[in-house]
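Only one structure is covered here, and it is reproduced in the block below.
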Amino acid sequence: MTTAYAQGHAAGFREASERDHLGDATSGDDAATWFTAPVGQPDVDAYERGFVAGFAEYFAGRD
């Protein structure tokens, strides 16, 4: 079984990749929904920490 952090990390990385390819990675229009854990997620804090880390990892090292 995957941890909530790992699930969030994968989701954040995937979201960053999708937004990068669409050209709206910095758009704040729906920022409130980016970091919301799925309904039923038992460890919301860990999921959201993982999401942010995955999102940041995708863009790490860019200038």
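Every value quoted in this text rests on a predicted model; they were computed, and no experiment measured them. What you see below is based on every heavy atom in this structure, not just the backbone, and it leaves out hydrogens, waters and symmetry mates.
Between Gln41 and Ala4 the shortest heavy-atom distance is OE1-CB, 3.3 Å. Taking each heavy atom of Ala53 and Tyr5 in turn, the nearest pair found is CB-OH, 3.3 Å.
Relative ring orientation between Phe55 and Phe59 is described as tilted, the plane-to-plane angle lying within the 30° to 60° band.
Under the side chain to side chain contact (heavy atoms under 4.5 Å, CB included) criterion, Ala11 pairs with Arg14, Tyr47, Phe51, sequence neighbours left out. Under the rule for a side chain to side chain contact (heavy atoms under 4.5 Å, CB included), the partners of Ala6 that lie at least two apart in sequence or sit in another chain are Thr2, Thr3.
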